[in-house]
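The structure appears below as structure tokens.
Every chain is numbered from 1 and lettered A, B, ... according to where its sequence line falls, protein lines coming before strand lines.
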Protein chains: 2
Amino acid sequence: MQVHDVDLRLLRIFVAIVECGGLAAAESRLSIGRSTISSHLSDLEVRLGIKLCKRGRSGFELTEPGRITYQASLELLQQCEAFASTVATSKNELSGRVSLAIIDTLVSDPRCAVAHVIAELKERGSNVQFDINVCEAREVETSVVNGRALVGIGVSRHHLRGLDYYPLHDETNYLYCAAGHPLFDCDPSAVSDLLADAEVITSNYMRDRESRNDGLNYQNSAIAYHDEGIAHLILSGKFIGYLPEHYARHWVDKGVFKAIEPEVYRYTIPVVLITSKNNSASPLAQALIEEMKRCHL
Amino acid sequence: MQVHDVDLRLLRIFVAIVECGGLAAAESRLSIGRSTISSHLSDLEVRLGIKLCKRGRSGFELTEPGRITYQASLELLQQCEAFASTVATSKNELSGRVSLAIIDTLVSDPRCAVAHVIAELKERGSNVQFDINVCEAREVETSVVNGRALVGIGVSRHHLRGLDYYPLHDETNYLYCAAGHPLFDCDPSAVSDLLADAEVITSNYMRDRESRNDGLNYQNSAIAYHDEGIAHLILSGKFIGYLPEHYARHWVDKGVFKAIEPEVYRYTIPVVLITSKNNSASPLAQALIEEMKRCHL
DNA sequence: TAATTCATTCCGGTTTTATCGAACTAAACT
DNA sequence: AGTTTAGTTCGATAAAACCGGAATGAATTA
């Protein structure tokens with residue numbers, strides 16, 4: 001091997017060291033001994049003719065050329081992945097990293113096809129890697145906008161420019177109370193009075209003034225942007241709040257949740273596939289989107 | 001070595017084979033035996049999971065994925081060169097952030113080489129960033145001591161431990177009065193009387209008791225640690241004070257300042273380059289210091 | 001000062017890789 | 001069919017890469 005030849009393995013090790021902040025910490029990540037790492041690192045330094053970092057008991061620190069080398073290494077390794085992806089695509093296989101931003105609790109919806117799509121993509125390319133981020137509604141969109149996620153699945157009413165929205169299915173939300181709350185076992189005639197007093201949880205959807213046309217008592221004394229947070233609050237017996245039917249069903253079946261006048265207190269919102277007009281060019285993104293749509297015909 | 005890992009050496013061999021149009025021809029170019037080349041090539045095919053080319057007595061021909069792989073290989077190898085070049089450049093080129101603490105009004109001294117040094121460093125590395133802080137004398141030293149500044153340029157009489165001082169040039173200060181002050185147009189014989197009454201500005205230099213051996217009237221009714229502040233005070237016509245000759249010249253030429261008995265009321269202080277024994281190890285600091293000294297030979 | 005932590009260096013044994021040459025196969029040319 | 005050319009396969013071998021452990025060093029912490 002020539003001295004001037006780039007050795008990707010050494011670069012990977014170097015990157016790991018940098019990201020772990022020292023040889024000792026990199027040990028477990030690389031699962032090779034410290035002495036080995038040390039010699040690899042100094043190997044690289046000799047090859048490049050550069051002192052890459054200061055290290056020792058006094059702390060780990062990149063030199064300026066080290067910083068540059070680190071950045072360049074990341075770039076080169078990225079380009080290697082692109083190479084692999086190009087080659088894989090040429091044989092009709094998918095390859096690369098899929099990053100998904102998904103609104104929380106969607107997993108409990110039986111119509112949710114995410115798992116199926118993952119299986120399908122993995123089937124079509126063993127090199128496909130997944131990076132799934134479950135987050136609240138707003139975050140789904142921002143993740144797609146700023147490129148953290150290739151594709152998002154969530155709900156949205158105020159569509160952002162630069163994003164494409166494709167409706168997958170509708171999600172119906174009901175107003176729930178839990179055992180222990182006055183509304184849980186009350187006489188039907190008392191409902192409207194009790195409702196006027198009940199504190200309602202403010203969720204992402206309910207943050208918009210226009211959504212609060214149900215005459216309920218929004219005091220902002222309980223706010224939660226994740227359904228799981230809302231569930232906690234409802235379970236306390238002190239609040240009532242909207243939840244997707246599929247998510248609440250778990251507790252409804254156990255007899256601890258009850259929907260309050262479901263014919264009145266309900267809203268339906270479409271679950272949408274969110275993609276960016278920018279980064280949907282890669283074959284991987286293409287396949288993901290197509291498959292997602294196909295599953296929701 | 002993992003299967004999905006890219007091996008640059010194999011890619012180089014593959015490229016050579018393609019460009020030579022067969023294994024036999026590539027033999028001499030790679031100066032390795034045909035059997036070796038053959039096994040390398042099939043290695044690569046196994047790794048990528050692709051049949052790259054047809055070969056045999058019937059002629060050499062790339063498959064379609066082979067063509068794509070060849071193109072992608074060229075690209076990747078190109079990017080490797082770019083990587084190498086980036087890293088190599090970072091070796092010789094200076095890069096990083098230069099923080100300078102400079103005593104104020106030095107810019108008006110024609111012997112001040114700061115601008116020239118900045119130009120020179122920028123020339124030697126387009127990645128160099130500058131962070132210049134113009135401040136009063138004391139601050140120059142403290143900035144270097146606590147690391148806020150890599151290098152300082154200022155005046156100092158009580159050298160601090162841990163700092164290195166390198167004399168650049170001498171700066172002469174005269175005692176000035178401005179139009180409107182009794183001393184400005186007075187009769188030479190009246191000077192000594194008027195001087196006894198004139199209020200003198202206390203500056204950084206004049207804060208030391210030992211410096212106040214000129215018999216003047218220091219009342220501390222006007223204090224300024226920046227030359228520009230001193231200039232303001234002198235311009236008011238109510239005070240007299242010491243200023244560097246090069247800085248005062250501007251107003252002297254316009255006829256609004258006048259030096260008072262310049263043969264008597266003057267002092268000279270060396271302008272020094274101040275560096276810390278700690279952080280002068282970086283190549284950037286090194287270059288800066290060397291260049292600064294070179295300009296002041 | 002002692003203990004701790006991080007890193008380097010050296011040692012040796014194991015594994016992997018690179019390489020060559022010889023034997024072999026397959027197609028094409030004579 | 002025999003020859004030629006191109007490539008493959010198969011050991012064998014030497015080189016190298018790899019790895020962990022012990023000893024050491026250096027700087028920090030107790």
**OP:** Do nucleotides 25-30 of chain C as a string where each nucleotide becomes B, S or -: B if the base has a protein heavy atom under 4.0 Å, S if just the sugar-phosphate does, - if no protein is that close.
**Re:** --BS--
Subject >> Spacing of B/I37 atom CD1 relative to D/dT9 atom C1', expressed in whole Å >> reply: 16 Å
**OP:** Starting from C1' on D/dA17, measure out to CG on A/L44 and report it in whole angstrom.
**Re:** 16 Å
Original post:
Which whole-number value in Å describes the distance from A/I17 CD1 to C/dA7 P?
Top reply: 9 Å
**OP:** Check every strand shown and say whether A/G59 touches a base, only sugar-phosphate, or nothing at a heavy-atom separation below 4.0 Å.
**Re:** nothing
**OP:** Could you tell me whether A/E81 and A/R97 make a salt bridge, using a distance below 4.0 angstrom between a side-chain N and a carboxylate O?
**Re:** no
**OP:** Using only side-chain N and O atoms of B/R9, determine if any of them is under 4.0 Å from OP1 or OP2 of C/dT19.
**Re:** yes
Original post:
When we call it a touch if two heavy atoms are under 4.0 Å apart, what does A/R55 touch: a base, just sugar-phosphate, or nothing?
Top reply: sugar-phosphate
Original post:
Could you state the CG-P distance from A/D43 to D/dC19, rounded to the nearest angstrom?
Top reply: 12 Å
**OP:** Identify the two heavy atoms, one from B/I37 and one from B/I17, that lie closest to each other, and give their separation to 0.1 Å.
**Re:** CG2-CD1, 3.5 Å
**OP:** Provide, to the nearest angstrom, the distance between the CZ atom belonging to A/R34 and the P atom belonging to D/dG25.
**Re:** 17 Å
Subject >> Below 4.0 Å: OP1/OP2 of C/dC20 and any side-chain N or O of B/T36 >> reply: yes
Original post:
Could one point to a donor on the side chain of A/S35 or the base of D/dG21 with an acceptor on the other under 3.5 Å away?
Top reply: yes
Original post:
At under 4.0 Å, does any side-chain N or O of B/H40 touch on OP1 or OP2 of C/dT17?
Top reply: no
